[in-house]
Amino acid sequence: MQTNTLTTLLGGETYTATRIDGTTEPVFIRQLPVKIYPVFLEAIDDEPRMVDILCDKPAGWSETMSPESFDFIATRGDALNQDFFYRWAQRRLARQEKLVPGITDRMLTASRLPNTSPNSPSSPA
């Protein structure tokens with residue numbers, strides 16, 4: 001799914017989302033303004049919060065969506081924002097790296113989860 005010029009001019013796309021109870025609601029999946037990027041980055045591992053942010057809805061709103069609508073919003077929101085958001089994140093990391101050389105590698109190492117594959121000695125028996 002690509003972003004077209006009209007979507008960019010409008011700042012996103014309207015989508016008819018279906019709630020768990022079967023009712024529908026028109027929502028606007030937005031291209032996030034740059035000032036929201038830090039909030040979106042904090043939510044990077046919390047997909048329900050990301051969906052709430054993408055649609056400018058209160059916390060927990062995404063939990064009322066059907067799985068199909070939730071998935072569509074998350075996927076489409078990624079497509080609408082990935083180019084600009086990823087370039088912003090790269091610039092941010094480059095600035096941090098200039099200030100504190102090696103910080104990116106240290107952050108990546110610190111954020112790695114323990115190996116929980118079935119053959120790992122640390123995996124539960």
Side-chain angles (χ1 to χ4, degrees):
M1 288 187 260
Q2 257 188 317
T3 304
N4 63 42
T5 305
L6 182 58
T7 298
T8 299
L9 287 172
L10 297 174
E13 298 177 354
T14 301
Y15 168 69
T16 302
T18 303
R19 294 186 193 96
I20 293 170
D21 67 7
T23 60
T24 60
E25 171 184 353
V27 296
F28 189 72
I29 307 168
R30 61 189 177 149
Q31 284 185 317
L32 299 172
V34 175
K35 68 181 181 182
I36 302 293
Y37 286 178
V39 174
F40 195 64
L41 181 62
E42 288 176 9
I44 208 87
D45 289 328
D46 184 352
E47 203 168 54
R49 185 170 174 221
M50 289 175 66
V51 168
D52 293 340
I53 293 167
L54 287 166
C55 294
D56 198 17
K57 296 291 186 177
W61 171 84
S62 61
E63 296 172 27
T64 67
M65 292 296 105
S66 70
E68 296 81 12
S69 286
F70 181 96
D71 183 61
F72 181 87
I73 294 166
T75 302
R76 191 63 189 140
D78 279 346
L80 291 173
N81 289 284
Q82 69 185 359
D83 289 344
F84 303 114
F85 178 74
Y86 291 142
R87 286 196 307 258
W88 171 84
Q90 288 172 337
R91 288 191 306 272
R92 185 174 184 225
L93 284 172
R95 276 188 225 100
Q96 288 175 336
E97 197 61 38
K98 285 179 184 175
L99 292 170
V100 184
I103 188 69
T104 305
D105 287 337
R106 288 193 299 256
M107 287 187 319
L108 288 172
T109 300
S111 69
R112 286 196 183 110
L113 296 174
N115 185 352
T116 57
S117 69
N119 298 326
S120 168
S122 64
S123 67

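Every heavy atom of this structure was used, including side-chain atoms; hydrogens, water molecules and symmetry mates were not. All residue numbers in this chain count up from 1 along the given sequence.
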Visitor: After noting the C-alpha distance and the side-chain angles of Leu54 and Asn81, does the key distance pass the side chain to side chain contact (heavy atoms under 4.5 Å, CB included) rule?
Guide: CA-CA 9 Å; Leu54 287 166; Asn81 289 284; 3.4 Å; yes
Visitor: Identify the heavy atoms of Ala43 and Ile53 that sit nearest to each other, and give their distance.
Guide: CB-CD1, 3.9 Å
Visitor: Rounded to the nearest 0.5 Å, what separates atom OH in Tyr15 from atom SG in Cys55?
Guide: 9.5 Å
Visitor: Under the ring pair (Phe, Tyr, Trp, His ring centres under 6.0 Å) rule, what pairs show up with a residue in residues 45-70, not counting sequence neighbours?
Guide: none
Visitor: Do Phe40 and Met50 come within less than 4.5 Å of each other through their side chains, counting heavy atoms only?
Guide: yes
Visitor: Determine the interplanar angle of the Tyr37 and Trp88 rings, folded into 0 to 90°, and report it as parallel if under 30°, tilted if 30 to 60°, perpendicular if over 60°.
Guide: perpendicular
Visitor: For the residue pair Val39 and Arg49, establish whether any side-chain heavy-atom pair is separated by less than 4.5 Å.
Guide: yes
Visitor: Taking the side chain as every heavy atom from C-beta outward, state whether Phe72 and Ile29 have any pair of such atoms under 4.5 Å apart.
Guide: yes
Visitor: Between Thr75 (side chain) and Asp71 (backbone), is there a donor-acceptor pair under 3.5 Å?
Guide: yes
Visitor: Kindly write out the residues that satisfy salt bridge (Lys or Arg N to Asp or Glu O under 4.0 Å) with Asp83, not counting sequence neighbours, or none if the list is empty.
Guide: none
Visitor: Could you state the interatomic distance from CD1 (Ile20) to CD (Glu63), rounded to the nearest 0.5 Å?
Guide: 8.5 Å
Visitor: Quick test of your reading of the model: are Lys57 and Glu25 salt-bridged, counting only N-O distances below 4.0 Å?
Guide: yes
Visitor: Taking all non-hydrogen atoms of both residues into account, name the closest pair between Pro33 and Arg30 and its distance.
Guide: CD-NH1, 4.2 Å
Visitor: Go through Phe85 and Leu41 one step at a time and tell me if the side chain to side chain contact (heavy atoms under 4.5 Å, CB included) criterion holds.
Guide: CA-CA 9 Å; Phe85 178 74; Leu41 181 62; 4.0 Å; yes
Visitor: At their closest point, which heavy atom of Thr18 faces which heavy atom of Ser69, and how far apart are they?
Guide: N-OG, 2.7 Å
Visitor: Report yes or no: does Thr24 contribute a side-chain atom to a donor-acceptor pair with the main-chain N or O of Thr16 at less than 3.5 Å?
Guide: no
Visitor: Has Asp45 got more than 12 heavy atoms of other residues, nucleotides or ligands less than 6.0 Å from its CG?
Guide: no
Visitor: Main chain of Pro48, side chain of Ser62: is a donor-acceptor contact present, judged purely on distance under 3.5 Å?
Guide: yes
Visitor: Side chains of Leu80 and Glu13: does their closest heavy-atom pair fall under 4.5 Å?
Guide: yes
